[in-house]
Amino acid sequence: MKTKKSKLTKFQWQVLKEAAKIPLGQTRSYKWIAKKIGLPKSARAVGQALKINPYPLIIPCHRVIKENGALGGYMGKNTTRKEKLLNLEKEIQNNFRKI
DNA sequence: TGTCCGCGGGTGT
DNA sequence: ACACCCGCGGACA
């Protein structure tokens with residue numbers, strides 16, 4: 001992927017924004033976001049958008065899972081990353097509650 | 001439960 | 001402009 005312009009399309013931003021709105025420890029499905037941006041059938045494009053997200057630190061792409069509950073994929077099919085990250089977020093929630 | 005097709009958009013050629 | 005790709009989803013066998 002060249003992405004020499006590093007400029008994402010409107011669609012991409014919509015997906016990233018919705019993903020960024022996902023509360024800590026919460027999860028959303030690709031379709032959920034797709035519907036949110038007005039394209040309920042573009043779950044695929046949503047996943048691709050999250051994949052190419054330029055700000056993985058602020059875009060909780062690991063919070064986005066499949067509609068059937070599966071983690072879908074994070075790096076290929078290594079859903080282990082997602083599980084760990086989601087579990088970590090659970091701890092973060094717990095920390096907030098403690099404070 | 002496993003496989004196939006369709007949908008929507010991206011990127012490369 | 002065309003073809004292939006993708007971290008899906010739903011239907012069908």
Side-chain angles (χ1 to χ4, degrees):
Chain A
M1 287 148 182
K2 284 285 191 44
T3 60
K4 46 179 155 184
K5 285 162 85 105
S6 304
K7 194 177 194 303
L8 301 175
T9 59
K10 216 158 85 182
F11 174 79
Q12 303 293 62
W13 286 118
Q14 289 177 92
V15 177
L16 296 175
K17 281 194 299 186
E18 290 303 323
K21 288 176 186 171
I22 303 175
L24 211 169
Q26 297 285 310
T27 53
R28 294 290 187 271
S29 59
Y30 295 93
K31 198 182 207 177
W32 190 93
I33 295 179
K35 194 178 293 187
K36 204 70 175 168
I37 64 179
L39 298 169
K41 293 192 296 190
S42 53
R44 246 180 176 172
V46 173
Q48 197 180 49
L50 288 168
K51 180 186 76 162
I52 67 176
N53 84 77
Y55 312 112
L57 297 177
I58 64 168
I59 305 294
C61 39
H62 54 272
R63 259 177 235 167
V64 186
I65 61 177
K66 290 179 53 166
E67 186 60 89
N68 62 318
L71 292 175
Y74 183 52
M75 292 170 74
K77 297 295 180 184
N78 294 301
T79 53
T80 314
R81 299 309 140 88
K82 276 193 175 180
E83 290 184 279
K84 286 170 65 177
L85 286 165
L86 290 170
N87 187 39
L88 181 65
E89 294 193 343
K90 286 289 170 76
E91 292 185 50
I92 295 173
Q93 273 186 121
N94 190 38
N95 288 332
F96 274 132
R97 197 170 49 194
K98 279 198 316 194
I99 300 171

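Here is how names work: the chains are called A, B, and so on, in the same order as the sequence lines, proteins then strands, and each is numbered from 1.
Rounded to a whole Å, the CG atom of A:Leu50 is 11 Å from the P atom of C:dC8. In this structure, the CZ atom of A:Arg63 is 17 Å from the C1' atom of C:dG7, given to the nearest Å. What separates CD of A:Gln14 from C1' of B:dG8 is a distance of 13 Å, to the nearest Å. Atom CD of A:Glu67 is separated from atom C1' of C:dG7 by 15 Å (rounded to the nearest Å). One interatomic measurement links the two molecules: CD1 of A:Ile52 to P of C:dC8, which rounds to 14 Å at whole-angstrom precision. At whole-Å resolution of the value, CG in A:Leu71 and C1' in C:dC8 are 14 Å apart. Here the P atom of nucleotide C:dG7 and the NZ atom of A:Lys66 are 11 Å apart, to the nearest Å. Across the protein-nucleic acid pair, A:Gln48 atom CD and B:dT11 atom P stand 7 Å apart, rounded to whole Å.
Using a distance-only test at 3.5 Å, with no hydrogens or angles considered, no donor-acceptor pair links the side chain of A:Asn87 to the main chain of A:Glu83. A donor-acceptor contact shorter than 3.5 Å links the side chain of A:Lys82 to the backbone of A:Val64.
Atom CG of A:Leu71 and atom NE2 of A:His62 lie 10.5 Å apart (nearest 0.5 Å).
Here A:Thr27 pairs with nothing under the side chain to side chain donor-acceptor pair (under 3.5 Å) rule; sequence neighbours left out.
For A:Arg44 and C:dG9, a side-chain-to-base donor-acceptor distance below 3.5 Å is absent, hydrogens and geometry of angles not being considered.
Near DNA chain B, meaning a heavy atom under 4.0 Å away, the residues from residues 24-42 of chain A are A:Leu39, A:Lys41, A:Ser42.
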Inset, instruction - For DNA chain C, just give me the dot-bracket, please: Watson-Crick or G-U, both distances below 3.5 Å, ( ) intra-strand, [ ] crossing earlier pairs, | paired with another strand, . unpaired. - result: ||||||.||||||
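Residue-level contact check: A:Val46 touches neither bases nor backbone, having no heavy atom under 4.0 Å from any strand. Using a 4.0 Å heavy-atom distance criterion, A:Ala43 is classed as a sugar-phosphate-only contact.
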Inset, instruction - Go through the steps for A:Lys36 and A:Arg28 under the test side-chain contact (heavy atoms from CB on, under 4.5 Å), then give the verdict. - result: CA-CA 11 Å; A:Lys36 204 70 175 168; A:Arg28 294 290 187 271; over 6 Å; no
Inset, instruction - Let me see the working for A:Gln93 and A:Phe96 under side-chain contact (heavy atoms from CB on, under 4.5 Å), right down to the final yes or no. - result: CA-CA 5 Å; A:Gln93 273 186 121; A:Phe96 274 132; 5.6 Å; no
Legend entry - Stepwise side-chain contact (heavy atoms from CB on, under 4.5 Å) check, A:Leu50 with A:Tyr30: CA-CA 9 Å; A:Leu50 288 168; A:Tyr30 295 93; 3.9 Å; yes
Legend entry - side-chain contact (heavy atoms from CB on, under 4.5 Å) between A:Val15 and A:Asn53, worked out: CA-CA 9 Å; A:Val15 177; A:Asn53 84 77; over 6 Å; no
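When all heavy atoms of A:Ala34 and A:Ser42 are compared, the pair lying nearest together is CB-OG, 3.8 Å.
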